[in-house]
Amino acid sequence: MPDTTGSPPLSPKMRIWQVVALIPHGKVCSYGQIADYAGLPRYARYVSTALKQAPQSLQLPWHRVINAQGKIAFPPHSAAFREQCSRLRNEGITVNQGRIALSECQWHPDLATLVLSLPF
DNA sequence: GGAGTGACTCGGT
DNA sequence: CACCGAGCCACTC
């Protein structure tokens, strides 16, 4: 029997996209954090996969996603690295040697925001 | 259906 | 700090 709730199950991938889309301008977030907020603990690794698979049409702020050490996850000097670097600077974020001041730029979403914005 | 692969993380050295 | 190893999970051959 089909579910009468009318709420289709959201795949992990789509949950991740939802969360990434919420990261505000000028803020950054780690892979592990995103997985956590998406209700998918220990999915940090899959976050990167999901981002790579995300269609351009979604226009996700992928550049606001960095690793838990506050550094850009791409190899330095790669095209993607420079791209992310300049995008972050465009938002007023200071990037030094691929490193970012998490203490100042890390995203701290409040529970209300998550509950109101996410369908789960 | 098993092995290999990542834009990861954490703890130990 | 930096490097290493183990744990992790969905995806792709």
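Quick note on labels: first sequence line is chain A, next is B, and so on, each numbered from 1. None of the values given here were measured: they were computed from a predicted structure.
Between the CG atom of A/L51 and the C1' atom of B/dT5 there is a distance of 17 Å, rounded to whole Å. For the pair A/L40 CG and B/dC8 P, the interatomic distance rounds to 17 Å; values are reported in whole Å. The CD1 atom of A/I66 sits 22 Å away from the P atom of B/dG6 (whole-angstrom rounding). Summarising the geometry, the separation between CD1 on A/I100 and C1' on B/dA7 is reported as 13 Å, rounded to the nearest angstrom. Taking atom CZ of residue A/R99 and atom P of nucleotide B/dA7, one finds them 22 Å apart after rounding to whole Å. Regarding A/Q33, its CD atom lies at a distance of 15 Å from the P atom of B/dC8, rounded to whole Å. Between the NZ atom of A/K71 and the C1' atom of B/dA7 there is a distance of 14 Å, rounded to whole Å. The CG atom of A/D36 sits 16 Å away from the P atom of C/dC8 (whole-angstrom rounding).
Here the side chain of A/Q53 is nearest to one of C/dC11, C/dA10, B/dA7, namely C/dC11. Closest to the side chain of A/T49, from the set B/dC10, B/dA7, B/dG6, is B/dG6. For A/K52, whose side chain is taken as the heavy atoms from C-beta onward, the closest listed nucleotide among C/dC9, C/dA2, B/dG6 is B/dG6. Listed nucleotides B/dC8, B/dC10, B/dA7 differ in distance to A/F74; the shortest reach to its side chain belongs to B/dA7. Taking every side-chain heavy atom of A/W62 into account, B/dA7 is the closest of B/dC10, B/dG6, B/dA7. Between B/dG6, C/dA10, B/dC10, one nucleotide has an atom nearer to the side chain of A/Y43 than all others, and that is C/dA10.
Just one of A/L40, A/L60, A/I34 meets the side-chain contact (heavy atoms from CB on, under 4.5 Å) condition when paired with A/V19; it is A/I34. For the side-chain contact (heavy atoms from CB on, under 4.5 Å) with A/I16, the lone residue among A/Y46, A/Y31, A/Y37 that qualifies is A/Y46.
Taking the six-membered ring where the residue is Trp, A/F81 and A/H77 present parallel rings, their angle staying beneath 30° rather than reaching 60°.
Contact check, A/S30 against B/dT9: a side-chain N or O comes under 4.0 Å of OP1 or OP2. The phosphate of C/dC11 (OP1 or OP2) has a side-chain N or O of A/Y46 nearer than 4.0 angstrom.
In this model, no side-chain donor or acceptor of A/R42 finds a partner on the base of C/dC8 within 3.5 Å.
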Should A/V65 and A/V28 be marked as a side-chain contact (heavy atoms from CB on, under 4.5 Å) after you check the CA-CA gap, both sets of side-chain angles, and the distance that decides it?
-> CA-CA 6 Å; A/V65 184; A/V28 297; over 6 Å; no
Quick one: do A/W17 and A/W62 satisfy side-chain contact (heavy atoms from CB on, under 4.5 Å)? Show the steps, please.
-> CA-CA 9 Å; A/W17 291 346; A/W62 58 271; over 6 Å; no
